[in-house]
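Written out below as structure tokens is the structure these notes cover.
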Amino acid sequence: MDVMGLADQPGAYADASMDAHEDLIARARRGDEEAFRLIFERYTRPVISFIFYMVSDRTLSEELAQETFVRAYKSLGALRDETKLSTWLFGIAKNVVRESLRASRRRAQSVELDNQTVLEIRDERESPAGKLLDRELSRMISLALLKLDEDKRLIFTLKVYQQRSYDEISEITGFSIPKIRNDLHRARREMRRQLSAYLGDKR
Amino acid sequence: MRCEECLPLVEEYFDGELDEPMVNLVAEHVTACARCATEYQKLEREQELYLSYECDAEVAPAFWNNVKAQAARESIRSPKLSQRFGRLFAGLQSNFSAPRFSATLTASIVLVAIGITAGVMLYINSRGKTANTAERISQKESTPATASQPAPNQVAGRDEQSKTAVAGQREIEKDLNKRQLVQNRDERKANQSLAVQRGTVPRTTMKTDAQLRKQTPDQLIREAEQKYLAAIAMLSRDVSRHRSKLDSETAMRFERTLAEIDRTIMDTRRAVREHPGDPIAAQYMLTAYAKKVDVLREMIGY
Ligand SMILES: [Zn+2]
């Protein structure tokens, strides 16, 4: 059904929405917060989720996501290519995460934190008995993720949890395609080893 | 294709990263070869396992308000003096999220701008300058286009008027703060009549409601800009005299801040010229001017 009344003018709707989008970006660049929100709102969940798999901490990922959007808002003027809005935003998120991880490493230098303990403290919320196995598995996966080095975790998260292409991962991280291919392969191998008990085969 | 050729490509094939001719070759082999098919299925099973770990972080209802608030806090962050103005501009900011330009909002910006200018005048007078000096400077630095330049016969007694204007403005600012700025016509009228009742609003410094209404938003913005420019010119003179008293590190810190603000002023002015009638652009420009006035005042008081 031709709800829009535009079936006979292909592209008309696309053009109109493109204009509207450009107008929104122009407004956001001038500091219009509402326009900024309209453009970036749809990335809220992906950005939070990306950060979540990087830091394995629910509250922290919400905080860092907020910081990501504040930075994006302040540096929107530096965005050159508007078609790369999403990779640009994830690039900012990546920087925010790296800074946070660096800071927490510094904090942890004196007090060696056991990941296991941290995760147990965090996971105290009540859940139905049937979910216990899932929770156990989730905890193992998050531990395995945390054991990957930062580059590998970054690439693995972008590929597996964000379904990004190698090219996009390269735009976000600045890594070369060969490095991405190589690190992803090794990350998968390490994850496989960590989680072999759940994969039901010997590797 | 043989298994030795296929196996290293299975992962890229799984990721959808292989180019056209290769995709077909690998696909063909994987459907025919049990060993390579197993490799592919392992990747699938692993992926499924990883995805069972769900992200339980959520978008809090206040998420975007928090982003907004934090961005606003960081964009107007400045030492000491800014606190009062910070609140004032935070109020403006929330009013300005309305997309349409309203004369009411412009009027409130102009009130703030005039208030700051009056504060600057008081400062200069309190530093032992004569009203005439201040007047001469302000007339010299303001462009003739400024609509509110006083008639020659009003120049005498301007000093007194400025002082009372400051008192009046403080009241108004306090009131504006309390109300988070005038939000509608009635409140604006109330503010206006408050000042008029006190008799503290000299015609030369403060416009009546009717006068404000007669001007277009652009005129009001231009007028506010002129007020700021005059204030900045006056302050800059004082600063250049005080500069030698600052230690070099402090002086450099101030210089850097000023340079940054000047860049912001340039950018925002361009935005205002390119988008006349855009309240956001105007707000940012006037905020940048106010910030410069703040910093200059702080330099003198340092
Ligand atoms: Zn094979």
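Residue numbering restarts at 1 for every chain, and letters A, B, ... go by the order of the sequence lines. Predicted, not measured: the structure shown is a model, and the values here were computed from it.
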Work out which heavy atom in [X] is nearest to a heavy atom in [Y]; give both atom names and the distance.
{"X": "B:Y53", "Y": "A:S138", "result": "CD1-CB, 3.5 Å"}
{"X": "B:A57", "Y": "A:S61", "result": "CB-OG, 3.4 Å"}
{"X": "A:I141", "Y": "B:S52", "result": "CD1-OG, 3.8 Å"}
{"X": "A:R192", "Y": "B:L43", "result": "NH2-CD2, 4.0 Å"}

message: Taking B:E46 first and then A:R188, would you say they form a salt bridge - that is, a charged N and a carboxylate O separated by under 4.0 Å?
response: no
So, taking the atom named [atom1] in [X] and the one named [atom2] in [Y], what distance separates them when rounded to the nearest 0.5 Å?
{"X": "B:K68", "Y": "A:R37", "atom1": "NZ", "atom2": "CZ", "value": "6.5 Å"}
{"X": "B:L49", "Y": "A:L199", "atom1": "CG", "atom2": "CG", "value": "5.0 Å"}
{"X": "A:H185", "Y": "B:E11", "atom1": "NE2", "atom2": "CD", "value": "5.5 Å"}
{"X": "B:W64", "Y": "A:E33", "atom1": "CH2", "atom2": "CD", "value": "10.5 Å"}
{"X": "A:R164", "Y": "B:D15", "atom1": "CZ", "atom2": "CG", "value": "14.5 Å"}

query: If you tally heavy-atom pairs under 4.5 Å against chain A, which of B:E17, B:E48, B:E12, B:E54 wins?
result: B:E17
statement: Max heavy-atom pairs within cutoff under 4.5 Å with chain A, candidates B:L51, B:V67, B:T268, goes to B:V67
Around atom [atom1] of [X], are there more than 12 heavy atoms from other residues, nucleotides or ligands closer than 6.0 Å?
{"X": "B:M1", "atom1": "CE", "result": "yes"}
{"X": "B:E5", "atom1": "CD", "result": "yes"}
{"X": "A:R98", "atom1": "CZ", "result": "yes"}

At a heavy-atom separation under 4.5 Å, does [X] approach chain B through its side chain, its backbone, both, or neither?
{"X": "A:F156", "answer": "side chain"}
{"X": "A:A35", "answer": "neither"}
{"X": "A:I177", "answer": "neither"}

field: Contact class of B:E58 relative to chain A, heavy atoms under 4.5 angstrom
entry: both
task: For residues B:Y50 and A:Y53, establish whether the separation of their ring centroids is below 6.0 Å.
output: no
field: Residue selection (most heavy-atom pairs with chain B, distance under 4.5 Å) from A:R45, A:Q163, A:K159
entry: A:K159
message: Please verify the inter-ring angle class for A:F69 with B:F63; under 30° counts as parallel, over 60° as perpendicular, anything in between as tilted.
response: perpendicular
